[in-house]
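Lettering of chains follows the sequences in order, A, B, ..., and the numbering in each one begins at 1. Just so we're clear, the structure is a prediction, and the values are computed from it rather than from any experiment.
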Amino acid sequence: MDEEYLEAVLDLVDAIPPGRAMTYGSVAEVVADAFEARGGRRRGGPRQVGQVLARAGGDVPWWRVVAADGRPPAHHAQAALARWRAEATPLGRDGQRIALRSAIWFPDDDSG
DNA sequence: ACATTGACTAATT
DNA sequence: TAATTAGCCAATG
């Protein structure tokens with residue numbers, strides 16, 4: 001993984017507003033799309049996004065990136081829950097996963 | 001080149 | 001909602 005890719009992912013994750021979230025797949029798609037638009041080949045995928053966040057440590061709001069079903073990474077479920085509660089992120093009925101219907105965010109989404 | 005693994009996703013049952 | 005299956009991209013040995 002090049003630094004270009006790392007930076008692209010981290011920049012995007014950094015741009016997610018508090019109380020909102022993106023899925024791994026969405027992040028991967030936006031980043032890959034950007035690389036393609038720049039004339040390069042599409043790079044990365046959902047798992048690569050996970051790898052990047054894992055390496056990034058606490059330097060990014062990783063709790064705003066969740067799986068497609070709204071669950072946090074299993075290893076940091078408790079920490080993620082705490083963050084969500086602190087940011088008033090809309091949660092599902094069981095309070096264990098994000099309510100993507102209302103919390104999902106995309107670049108240029110100014111609603112919020 | 002092949003197999004394994006990983007903070008994944010979509011379709012099927 | 002949960003379990004299975006197949007697909008995906010990149011790193012590692």
Name all residues meeting the side-chain hydrogen bond (donor to acceptor under 3.5 Å, both in side chains) criterion together with A/Asp14; count only those two or more places apart in sequence or in a different chain, and write none if there are none.
none
Other residues, nucleotides and ligands only: do more than 12 of their heavy atoms fall within 6.0 Å of CG on A/Asp108?
no
Please name the pair of heavy atoms, one in A/Pro90 and one in A/Gly19, separated by the smallest distance, quoted to 0.1 Å.
CD-O, 3.5 Å
Donor-acceptor contact below 3.5 Å, side chain A/Trp84 vs main chain A/Ala88
no
Can A/Arg43 be said to sit on top of A/Phe35's aromatic six-ring, NZ or CZ under 6.0 Å from centre and within 45° of the ring axis?
yes
After noting the C-alpha distance and the side-chain angles of A/Tyr5 and A/Val49, does the key distance pass the side-chain contact (heavy atoms from CB on, under 4.5 Å) rule?
CA-CA 9 Å; A/Tyr5 187 78; A/Val49 174; 4.1 Å; yes
Taken to the nearest whole Å, CG/A/Leu53 to P/C/dA10 is 16 Å
Residues A/Arg38 and A/Glu4 bridged, charged N to O under 4.0 Å:
yes
Rounded distance (Å) that lies between atom C1' of B/dT5 and atom CD of A/Gln51
9 Å
Going by number, which of residues 27-43 of chain A have a non-hydrogen atom under 4.0 Å from DNA chain C?
A/Arg41, A/Arg43
Under a 4.0 Å heavy-atom cut-off, which of residues 96-104 of chain A touch DNA chain B?
none
How close or far is atom P of B/dG6 from atom NE2 of A/His75, stated in whole angstroms?
8 Å
Letter by letter from the 5' end, nucleotides 8-13 of chain B scores (B base, S sugar-phosphate only, - none; protein heavy atoms under 4.0 Å) BSS---
Can you measure A/Arg55 atom CZ to C/dT12 atom C1' for me and round it to whole angstrom units?
12 Å
Using a 3.5 Å cut-off and no angle test, enumerate the donor-acceptor pairs between side-chain atoms of residues 69-80 of chain A and protein atoms at least two apart in sequence or in another chain.
from	atom 1	to	atom 2	distance (Å)
A/Asp69	OD1	A/Arg71	N	3.2
A/Asp69	OD1	A/Arg71	NE	3.4
A/Asp69	OD2	A/Arg71	NE	3.0
A/Asp69	OD2	A/Arg71	NH2	3.4

Shorter than 3.5 Å, N or O on both sides, protein versus nucleotides 1-3 of chain B: list them out with atom names.
none

